[in-house]
Amino acid sequence: MVLKPKQRNIAYRCPECGTTILGLVGKFALSANMLRLKCSCDKSSNLDINVTNDGKIRLSVPCLFCKQNHNYVVSEPVFFDRDLFLLNCPYTGMDIAFIGDEEKINTELKRTEEEIARLMASFEAEELSDIQPEEMREDEILPDPAVYDTLRFVLKDLEAEGRVKCLCQNGSYDLRFTDEGVEAYCERCGGSYLFRATTPAIAEEYLDIDELKLK
Ligand SMILES: [Zn+2]
Ligand SMILES: [Zn+2]
Ligand SMILES: [Zn+2]
């Protein structure tokens, strides 16, 4: 029997030129080094992947919609074993990174391309830059991405172990920003849970919870 080294396809869209960048992440290569996926346009956006001290996978993904990178932490099994795993922009909810089988990724790329076209049409935008922010003003400073990052990990970790409870008990879960903070919600029954976390330190306290009840 020949053991095939674990590999994962990953894709993102360059916020500068709109090109889709596809890459391959090998498990062994990743454990040794930080990997960087780069667009070949002159603005050269890049997606970085590295392994944290506690063996989780950290990604910094250029966002097509915010023109800045968002950070994510996912566990190794989620990254290497799922057929498909999407990372979405915390501000717009749009998927910005696609991890998994090549075929599944291509399907998602096609789907999101249509989604982007619809979004642009709804803003009567002709170019991508028409819907992207110009420059961040002081009063637009977004909530700390590290908070979102940590809470996303908490949610996905509990979900993987079936320890997220909601009314329908059959949903898929995601996070969103509300005026009061980051909220976990069920896409199916709409149940939600508000994390009372305003700083990364408070968010980290949630790493110790062993169940999440959405109401
Ligand atoms: Zn580019
Ligand atoms: Zn974004
Ligand atoms: Zn539900």
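For ligands, and for the atoms within them, numbers begin at 1 and follow the listed sequence.
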### Residues, nucleotides or ligands: over 12 heavy atoms within 6.0 Å of E103 CD
no
### Query
Can you give the angle C166 SG - the Zn ion (ligand 3) - C186 SG, rounded to 10°?
110°
Using side-chain heavy atoms (C-beta onward) and a distance below 4.5 Å, is [X] in contact with [Y]?
{"X": "N69", "Y": "D48", "result": "no"}
{"X": "R8", "Y": "L30", "result": "no"}
{"X": "Y72", "Y": "I96", "result": "yes"}

#### Entry: Vertex the Zn ion (ligand 1), rays to SG in C41 and SG in C14 - rounded to 10°
120°
### Query
Which value, rounded to 10°, describes the NE2(H70)-the Zn ion (ligand 2)-SG(C63) angle?
110°
